Amino acid sequence: MAKFVSTTRWKDTEIKNIQEAFDKFLIHDDEFFNTEGSKIVYSDFRREKIFEDDKIINLRDVSYLYNIFHFRANTKEVDDTNPFSPVQEVNYFIVVYQQEGVDNNVNYIIDSNSDSLTVLRKLLRYKKKGVVVENKIFLDNDIFLWIIKKVFSEENSLGSIDIHSVIGVRGETGDENTLLAQGNTVLNLVSTLAFILETNLLKQLVLRVGNNEHEILELRLNDKGVVAISEQSYSGAFDNYGNGTAEKKASIFLLSYLSLLPIIRQAYLMQEDEWLNEQKTEFFEKVQEDLMARLATRKKEIS
């Protein structure tokens, strides 16, 4: 199974250009980290702006300026006075971007989930709340089911991208049972089809998507707006940057947030009324028919 990196996206409602963000990121002090009442002590700060000049990436006919900030530090609990206690290193990869030529809000894609907002607020030296806000792409049960229907019915093309396959499903039934299935043949499993029929809530999908320029990329999407991206799975134009490079990683992050996921969401919204009012019921009927046919075949095989 490919390795995934969980990411979240945030918008800065005050800063209007990338340089201003880096002016704050690169201040070398701990004023906003080791504050009174903090439960964690930070030390040995390492801050790095990856590119001297901002890069430009063009996605869906829109140009974006971006750069990368790498932040590392050592941490210990504030009450831990043992000088020989091991420290834990925290390590963050942050893509900072905004639309080229437009004086709009700066956005941050960070390879973290639970502590991402806290870290960004400290790095940007914000004391008040509500300046850095969520800019996640939220997907829900209906979109997840619609995606499964597209693959199940071999309607994989969404115009400029294809959903090659669903390789992971997680969700809950009405009695709070949880199903997790993963692998290249997940939609061929009888157990998965039965789960789809009785599911009350799909919470996560793992997709393999791509197009002519970016042949393969695997994404793990959940209903909390966290996007897990597998750089390891990627095959396409960004391979020219070389494996493991910051530029390739950042480009894949930007591709996911600014191209692939908006295309999927827009395609769903264009069909949402038809899906909710007609196609959803028809899909469940087809799944039921397929499930019954497979069970009948299996019964013949073992009798």
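From a predicted model like this one, the values you see are computed outputs, not experimental measurements. Just so it is clear, the values below take in all heavy atoms, side chains as well, and ignore hydrogens, waters and symmetry mates.
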Taking the side chain as C-beta and beyond, is there a heavy-atom pair between [X] and [Y] under 4.5 Å?
{"X": "Leu258", "Y": "Tyr97", "value": "yes"}
{"X": "Arg47", "Y": "Leu123", "value": "yes"}
{"X": "Lys249", "Y": "Asp111", "value": "yes"}
{"X": "Leu219", "Y": "Leu205", "value": "no"}

Leu65 reachable from Leu254 in the ILVMFWY side-chain graph, under 4.5 Å edges: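 No, because Leu254 and Leu65 fall into different hydrophobic clusters, even though each may have its own neighbours under 4.5 Å.
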
Joint cluster assignment, Phe144 & Ile263, ILVMFWY side-chain distance < 4.5 Å: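 In one cluster: yes.
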
Please name the pair of heavy atoms, one in Pro262 and one in Ile137, separated by the smallest distance, quoted to 0.1 Å.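 Closest pair (atom of Pro262, atom of Ile137, distance): CD-CD1, 4.2 Å.
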
What heavy-atom pair brings Phe51 and Glu247 nearest, and what distance separates the two atoms?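 Answer, listing the atom of Phe51 first, then Glu247: CZ-CB, 3.8 Å.
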
Any donor-acceptor N/O pair, [X] side chain to [Y] backbone, under 3.5 Å:
{"X": "Gln99", "Y": "Val62", "value": "no"}
{"X": "Ser233", "Y": "Ser230", "value": "yes"}
{"X": "Arg72", "Y": "Asn91", "value": "no"}
{"X": "Ser259", "Y": "Ser256", "value": "no"}

Validate the cation-pi geometry between Arg220 and Phe4: distance from NZ or CZ to the six-membered ring centre under 6.0 Å, angle to the ring axis within 45°.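 Verdict for Phe4: a cation-pi partner in Arg220.
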
So, is the end of the Lys55 side chain (NZ or CZ) under 6.0 Å from the ring centre of Tyr66 and within 45° of the ring's axis?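 The answer is no; the distance or angle limit is not met.
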
Note: [X]-[Y] ion pair, threshold 4.0 Å (strictly below):
{"X": "Lys24", "Y": "Glu14", "answer": "no"}
{"X": "Asp142", "Y": "Lys280", "answer": "yes"}
{"X": "Lys203", "Y": "Asp223", "answer": "yes"}

Return yes if a side-chain donor-acceptor contact under 3.5 Å exists between [X] and [Y], otherwise no.
{"X": "Lys224", "Y": "Gln204", "answer": "no"}
{"X": "Asn243", "Y": "Lys248", "answer": "yes"}
{"X": "Asn135", "Y": "Asn107", "answer": "yes"}
{"X": "Asn105", "Y": "Asp12", "answer": "no"}
{"X": "Asn58", "Y": "Ser63", "answer": "yes"}
{"X": "Thr7", "Y": "Tyr257", "answer": "yes"}
{"X": "Asp80", "Y": "Ser85", "answer": "yes"}
{"X": "Thr118", "Y": "Asp115", "answer": "no"}
{"X": "His214", "Y": "Tyr234", "answer": "yes"}

Working note: Val227 + Ile229, criterion side chain to side chain contact (heavy atoms under 4.5 Å, CB included); need CA distance, chi angles, decisive distance, verdict. CA-CA 6 Å; Val227 178; Ile229 301 169; 3.8 Å; yes

Could you check whether [Y] and [X] have their ring centres less than 6.0 Å apart?
{"X": "Phe25", "Y": "Phe71", "answer": "no"}
{"X": "Phe45", "Y": "Phe33", "answer": "yes"}
{"X": "Trp10", "Y": "Tyr108", "answer": "no"}

Step-by-step side chain to side chain contact (heavy atoms under 4.5 Å, CB included) determination, Leu207 to Ile167: CA-CA 6 Å; Leu207 307 179; Ile167 56 176; over 6 Å; no

Could you check Tyr268 against Leu139 for side chain to side chain contact (heavy atoms under 4.5 Å, CB included), going step by step and ending with a plain yes or no? CA-CA 10 Å; Tyr268 169 76; Leu139 306 172; over 6 Å; no

Is it the case that over 12 heavy atoms from other parts of the model lie below 6.0 angstrom from the CD atom of Glu20?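 Yes, because the 6.0 Å sphere around CD of Glu20 holds more than 12 heavy atoms from other groups.
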
